[in-house]
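Keep in mind that the numbers below use all heavy atoms, side chains included, and drop hydrogens, waters and symmetry copies. Order of listing sets the numbers, starting from 1, for every ligand and every atom in it.
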Amino acid sequence: MTKSNLQTVPDSITLIQRVKNNFQESILTTRNCMEELAPIIAQAAAHMSQALLTDRKILICGNGGSAADAQHFSAELLNRFERERPGLPAIALTTDTSTITAIGNDYHFDDIFSKQVRALGQAGDVLLGISTSGNSRNVIRAIEAAHERGITCVALNGREGGEITGLLSGHDVNICVPGSSTARIQEVHGIVIHCLCDLIDYQLLGQG
Ligand SMILES: O=C(CO)[C@@H](O)[C@H](O)[C@H](O)[C@H](O)COP(=O)(O)O
Ligand SMILES: [Zn+2]
């Protein structure tokens with residue numbers, strides 16, 4: 001973008017008001033789904049704790065900001081959250097550029113997660129698939145691959161849940177954040193991820 005493409009810089013009052021609008025929307029989106037999502041998040045955390053207590057693991061995938069969320073969650077599990085504890089087995093399927101580029105190049109970008117799920121997943125693991133639209137093909141394929149392997153799926157999605165919602169079955173859990181803004185949905189996803197960490201630690205270690 002060149003300088004001539006730029007609009008005149010708005011005054012700081014306008015900028016401050018925009019910041020406040022962002023905060024306001026984020027607060028509303030979060031408040032609107034708290035009651036509805038709390039029991040669903042608890043259910044997802046129970047599946048994850050059960051997997052971890054039986055020597056299974058958590059696999060996580062998503063694109064863009066959700067790839068960052070996948071890595072955020074795996075880091076909290078592998079290292080620690082708020083309390084001292086041994087590391088917990090979790091793999092963000094978004095990090096190995098050699099694997100991702102090889103699969104994307106030789107097969108299709110839609111397969112970058114599903115091939116890893118088939119290679120690494122075991123029955124009893126949990127897959128956390130993150131997508132604000134619920135329509136990302138590579139996350140959809142990862143869920144299909146997880147089902148083939150007897151892996152429980154937790155979908156962390158948004159809007160009306162997209163295609164992913166229709167794919168879920170059995171013990172799968174659908175954590176769907178209503179709203180139309182990807183950014184606002186992602187902000188709630190951040191809280192959900194920290195709730196999952198908190199509940200997993202509580203179920204594994206008891207009251208801190
Ligand atoms: O973080 C953002 C937007 O806030 C973007 O990087 C966003 O995650 C990407 O456009 C993703 O590809 C969107 O995918 P999804 O959430 O619909 O599955
Ligand atoms: Zn983002």
Under 6.0 Å between ring centres: does that hold for H72 and H194?
yes
[atom] [closest protein heavy-atom partner, distance rounded to 0.1 Å]:
{"atom": "atom 1 (O) of ligand 1", "result": "Q186 NE2, 2.9 Å"}
{"atom": "atom 14 (O) of ligand 1", "result": "S136 OG, 3.6 Å"}
{"atom": "atom 6 (O) of ligand 1", "result": "G65 N, 3.2 Å"}

Looking only at side-chain N and O atoms, does [Y] offer a donor or acceptor that is under 3.5 Å from a partner on [X]?
{"X": "H147", "Y": "D172", "answer": "yes"}
{"X": "E25", "Y": "N21", "answer": "no"}
{"X": "T14", "Y": "D11", "answer": "yes"}
{"X": "T30", "Y": "R184", "answer": "no"}

Numbered atoms and elements of ligand 1 in range of G64, under 4.0 angstrom, heavy atoms
6 (O), 8 (O)
Got a sec: is Q186 within less than 2.8 Å of the Zn ion (ligand 2) via an N/O/S atom?
yes
Using a distance threshold of 4.0 Å (strictly less than), state whether atom 18 (O) of ligand 1 has a protein heavy-atom neighbour.
yes
Is the closest protein non-hydrogen atom to atom 11 (C) of ligand 1 under 4.0 Å?
yes
Tell me the contacting part of N63 for ligand 1: side chain, backbone, both, or neither, using a 4.0 Å heavy-atom threshold, strictly below.
both
Does an N or O anywhere in S133 fall below 3.5 Å from an N or O of ligand 1?
yes
So does Q122 have more than 12 non-hydrogen atoms from other groups sitting under 6.0 Å from CD?
yes
Passes side chain to side chain contact (heavy atoms under 4.5 Å, CB included), L52 versus I200? Steps please.
CA-CA 9 Å; L52 295 167; I200 288 169; 3.8 Å; yes
